[in-house]
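First comes the structure, then the notes that go with it.
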Amino acid sequence: CGKYNKVLNKGTGLERYNMANSLYKEGDYDKAIRLYELVMPQYASKPQAEVITFRLADSNYNIKDYLTAVYYYEKFIRSYPKSTEIESGQYRIAESYFQLSPKYSVTQTDTQKALEAFQNFIDNNPDSKKIAEANKRVDELNLKLEKKAFEIAKQYFKIGNYKSAIVAFDNVILDYLGTSYKEEAMFYKFKSAYELGINSVVHKKEDRIKDALKAYTRYKKAFPASEYLKEADGLYEKLIKEKQPKQQQNS
Amino acid sequence: QDGQPDLSTTKRYLLGGVTVTGTNEFSEESVISYSGLKTGQEIKIPGDKLTSAIKKLHKSNKFSDVEVYATKIDGNTIYLEIAIKELPQINKITFLGVSKSKAKTFQKDTELATGKMLTENLVTSTENYIRQYYVDKGYLKASVNITTKPNATNANQRDAIVRIDKGDLVKIKEIVIVGNEQFEDKDVRKALKDTKRKFWGRFWKRSKYVEDAFEEDKKKLIDKYRRKGFRDARILSDSISWNEGKNTINLHIELEEGIKYFYKDILFLGNKTYQTDFLQRILKIEKGDVYDSKTLEERVKGDGSPDSEDISTLYQNNGYLFSQINLVETKVENDSITVEIRIHEDDPATISHVSVTGNERTNDHVIFRELRTRPGDLYSKDNIIRSIRELGQMGFFDAENITPDLKPNYADKTVAIEYSLEEKGSSQIELQGGYGGGSFIGTLGLSFNNFSIRNIFNKEEYKPLPLGDGQQLSLRLQASRFNTSNSISFTEPWLGGKKPRSLTFSIYNQKQYGYGSSYYDVDKSQELNIFGISVGIGERLKWPDDYFTISNAISYRRYKVDNYNFGSIIAFDDNQGVSHNLSYNVTLQRNSAGPSLIFPRYGSTFTVEGKFTPPYSLFSNKEYDSNNEKFELLEYYKINLKAKWYTALVDKFVLMTNVQFGYLGSYNSEKGEIPFERYYVGGDGLNTNSFDGREVIGLRGYENSSLSGFATGTNGDLTSGDNVYDKFSMEVRYPITLKPSASIYALGFVEAGNSYSDFNNFNPFDIKKSAGFGIRIFMPAFGLLGIDFGHGFDNVPGAVEKSGWQTHFIIGQQF
């Protein structure tokens with residue numbers, strides 16, 4: 001420790017650089033970062049700069065300072081486009097944003113950045129060993145965005161704004177093709193349409209019930225074995241009943 | 001050189017390698033990477049790739065000279081050399097003629113920085129930037145000169161010296177106006193809002209010359225003419241002349257007014273949704289009126305304010321996002337003009353998506369439930385404005401910085417709306433320790449306005465506290481030798497998440513001890529203990545309009561007086577007794593003030609509050625022998641009215657008008673007045689020592705509670721508070737800064753009010769008046785702090801002299 005302080009305060013560039021490297025290898029990243037940052041300007045246009053930049057990025061990644069890590073990885077990729085570590089740098093940028101990506105219910109700016117970064121990694125390194133892992137991450141991130149959209153739609157349903165709920169559930173299905181929330185979204189869309197139809201003002205009732213029945217048919221066709229089907233069937237019966245007397249009156 | 005390629009014909013080569021000469025600061029690798037050339041690529045010589053490589057290097061602004069040679073040709077393979085000359089780098093920058101801090105800001109705002117490459121362009125643009133900075137501030141003679149000299153230690157670096165001479169402030173001496181007949185010179189000058197003559201009494205408005213402001217002012221002048229029908233008015237010329245030897249200039253403006261025009265006819269074309277009569281009523285302009293093109297434009301296209309009443313807003317509020325309205329003068333005959341309002345309605349747009357970004361803490365569900373724009377709804381500008389207001393009112397986001405981004409999709413007639421927000425601190429911490437009233441006093445107050453109670457046991461959500469569900473939790477602990485006071489309250493604004501129905505729960509306990517033999521001694525045998533608990537439900541109403549809320553609460557308080565004299569004439573016998581106060585409170589409020597809670601600029605707040613205890617005495621014919629029997633079950637009702645209006649005045653000034661009134665009555669005259677819940681008027685209005693459940697009403701310019709219930713009892717002067725009060729105030733506010741880190745505004749006020757022992761004595765003209773000024777600072781972590789200086793023009797009861805100047809410190813309360 002005493003030696004570290006001595007080198008930190010009074011060491012030459014080379015001493016600092018060497019010590020930083022050994023600290024880095026030992027996994028003492030905090031200390032390594034301080035030394036690397038100190039020697040960086042000195043080695044700015046020398047070959048060592050490549051190692052320094054990459055290890056700075058790496059150390060920051062290891063101490064979970066992901067934003068700083070991204071900064072150095074990006075700098076590294078810009079400055080040394082021919083380095084052999086580009087692939088791992090690109091992956092780490094994506095992984096850093098993945099770590100920064102918060103729970104679904106707050107702003108998803110970092111999730112979007114992570115998705116872009118993984119896509120960038122996949123595009124640039126189609127033969128990488130990490131492709132499978134990257135794709136898994138992409139799925140995980142997309143699922144988060146899907147959940148966000150689905151929960152917002154569900155809130156419209158919860159507060160009784162069925163018209164908006166229908167549009168929002170449709171958005172979930174259309175904006176995220178192949179989403180695993182499709183079944184639930186279709187079911188809730190039907191349920192929203194049901195509520196809208198059953199509680200409708202007279203002059204819109206017929207159309208709204210028709211829409212609800214359509215939503216039921218689509219949902220049943222897409223998920224004939226859905227776990228919510230039983231509840232849906234019950235609502236369907238009620239809709240048919242609600243429709244019946246009107247037709248009798250008409251005929 | 002040998003093997004130099006024949007440049008007369010284009011030939012393809014394989015690039016075998018690139019070398020770089022002339023580098024100094026840059027590595028060979030980075031120069032190659034700038035050039036975009038790659039070993040192994042195919043290259044035509046002469047050809048595009050080589051030219052673009054040279055261009056790229058030039059464009060990087062780092063080299064003054066770039067040349068490319070072929071060093072070797074080996075069959076089909078070519079080896080290139082890039083010979084560069086690096087531009088000198090800036091090493092030291094010295095600013096002369098300005099303060100250090102100014103130099104720092106210039107260095108931050110310009111590109112001039114150590115390590116930058118020194119280019120002609122950089123020097124000129126920096127010079128221009130700094131000169132313009134001073135010219136904009138009225139220093140028309142400012143000169144800026146940047147020179148460079150070689151650095152002593154490094155040959156390729158240069159030191160820059162920035163010499164700034166801002167010169168004297170130039171003021172306007174005269175504004176000479178020629179060609180004005182309709183308006184007098186002074187009216188023309190008045191229209192030039194930010195360009196004013198030098199005048200000894202002018203300390204409010206500047207009299208310096210600022211080109212941009214003058215350009216704006218010229219437009220305003222022409223607008224002034226247009227409003228009076230002078231459609232052709234224009235400025236023929238304007239010029240500046242210098243007054244010799246002095247730092248003043250004269251402005252010359254030559255006008256041509258033209259003739260006054262009138263409307264011959266106003267025609268609507270293309271309106272299908274709204275009838276012409278209806279649009280005519282919004283337009284409020286008739287045939288034969290003076291042709292005021294400015295007002296016409298405002299009534300058709302809006303005046304830029306959120307509550308503008310115009311035809312365009314009418315369409316925009318009812319889904320017609322894609323509507324276009326054009327004004328065309330179709331016929332000009334002598335002095336009469338025919339105008340066509342051409343409307344292209346298009347189809348109404350439906351909202352397809354609503355999204356929110358920037359909510360780093362606050363959960364989606366807290367935000368989306370407040371938004372008034374929802375998928376499937378028709379687009380409405382008004383609903384967007386309302387949504388922004390609701391978001392601002394939450395207090396979690398920077399209200400001045402909520403921006404909606406509209407993404408219209410013309411093909412399917414939809415629009416996606418994205419609100420971008422910026423979180424701001426919404427928790428407040430108050431930690432005080434001090435010496436007061438002869439003893440140590442300590443306070444710990446915590447209030448979290450965006451709490452998340454469901455995450456209270458979720459470790460991961462502690463960053464540093466579980467926040468984001470929009471719940472309010474506040475805790476307050478206060479202790480000194482003479483008293484302790486603890487309270488906790490919790491509010492969930494959307495109970496169950498289905499409806500905007502809030503639940504508030506609070507519980508508190510206060511203990512106050514009396515004085516012993518001396519002023520500094522605490523006597524614990526004298527004790528007043530208040531325990532209280534209340535539960536309330538609040539609801540938003542849709543009728544009469546959706547700015548209304550109603551809340552109902554049940555509260556219980558127990559006052560336990562043990563050998564304690566709390567200084568009221570209406571007191572327990574022998575200062576000993578217990579009082580139960582069970583009441584039902586109902587509050588009806590309409591709040592349309594906005595945009596922010598801290599500094600509203602528009603709207604109003606009305607509150608009607610009623611508080612009722614059960615009328616126990618109506619059900620029993622009990623006779624009361626003593627005060628203690630009367631007070632055992634408190635019996636009263638209380639009505640409070642409060643109204644506040646916010647009106648935007650000129651510039652950023654806002655007028656706040658406040659009227660309030662309160663009445664505390666009893667059902668049964670037999671049982672009479674109660675010692676608690678009474679009004680105390682005067683002072684800063686802070687509820688600091690309210691040990692008897694009193695209601696403190698601020699009235700600046702007078703000492704705290706000095707206007708209420710002056711009475712002389714057997715033990716000397718006692719206060720008892722009053723049963724009726726009124727208060728009127730007008731306050732002009734001016735925002736100094738409204739940043740999320742701190743909002744500061746200055747204010748000036750006049751107010752008046754008084755309290756009265758009962759309704760028979762109530763006289764709204766017998767009021768105590770005051771005026772003064774002050775400042776408020778709101779910082780998210782500390783809440784509101786302020787200081788007011790008020791002058792009371794009248795005397796307080798029992799005094800013969802007027803109250804005079806009083807200083808009030810304001811903590812956490814708004815007048």
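Note that the structure is predicted; figures quoted are calculated from it, not measured. Here is the naming used below: chain letters follow the sequence lines, and residue numbers restart at 1 for every chain.
With a 6.0 Å radius and a threshold of 12 heavy atoms from other residues, nucleotides or ligands, K499(B) has its NZ atom at or below the threshold. By the 6.0 Å contact criterion, CZ on R501(B) is open, its count of non-hydrogen atoms from other residues, nucleotides or ligands being 12 or less. With a 6.0 Å radius and a threshold of 12 heavy atoms from other residues, nucleotides or ligands, K85(B) has its NZ atom at or below the threshold. Counting non-hydrogen atoms of other residues, nucleotides and ligands closer than 6.0 Å to CZ of R34(A) gives a total of 12 or fewer. Summarising the local packing, CZ of R540(B) is surrounded by more than 12 heavy atoms from other residues, nucleotides or ligands at distances under 6.0 Å.
Options Q108(A), K82(A), K163(A) differ in how many heavy-atom pairs under 4.5 Å they form with chain B, and the most are formed by K163(A). The greatest number of non-hydrogen atom pairs below 4.5 Å with chain B, out of I166(A), D110(A), I152(A), is found for I152(A). Interface remark: of the candidates T107(A), D175(A), V167(A), T107(A) forms the most heavy-atom pairs closer than 4.5 Å to chain B.
In this structure, L371(B) CG and N161(A) CG are separated by 11.5 Å, a value rounded to the nearest 0.5 Å. Taken from NZ in K158(A) to CH2 in W494(B), the straight-line distance is 10.0 Å, to the nearest 0.5 Å.
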* Steps toward side chain to side chain contact (heavy atoms under 4.5 Å, CB included) verdict (E151(A), H365(B)) -> CA-CA 8 Å; E151(A) 290 295 340; H365(B) 71 97; over 6 Å; no

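Residues of residues 352-360 of chain B lying under 4.5 angstrom from chain A, judged on non-hydrogen atoms, are S352(B), H353(B), V354(B), T357(B), G358(B), N359(B), E360(B) in numerical order.
Heavy-atom distances place the side chain of K103(A), and not its backbone, under 4.5 Å from chain B. For Y104(A), the part lying under 4.5 angstrom from a heavy atom of chain B is the backbone only. Looking at D170(A), there are no atoms closer than 4.5 Å to chain B (heavy atoms on both sides), in backbone or side chain.
Across all non-hydrogen atoms, the minimal contact from K148(A) to D364(B) is NZ-OD2, 2.8 Å. Between N363(B) and V106(A) the shortest heavy-atom distance is OD1-CG1, 3.8 Å.
The ring-ring contact (aromatic ring centres under 6.0 Å, His included) analysis of residues 161-182 of chain A, with sequence neighbours excluded, yields the pairs F150(A)-F169(A), F150(A)-Y181(A), F157(A)-Y162(A), F169(A)-Y188(A).
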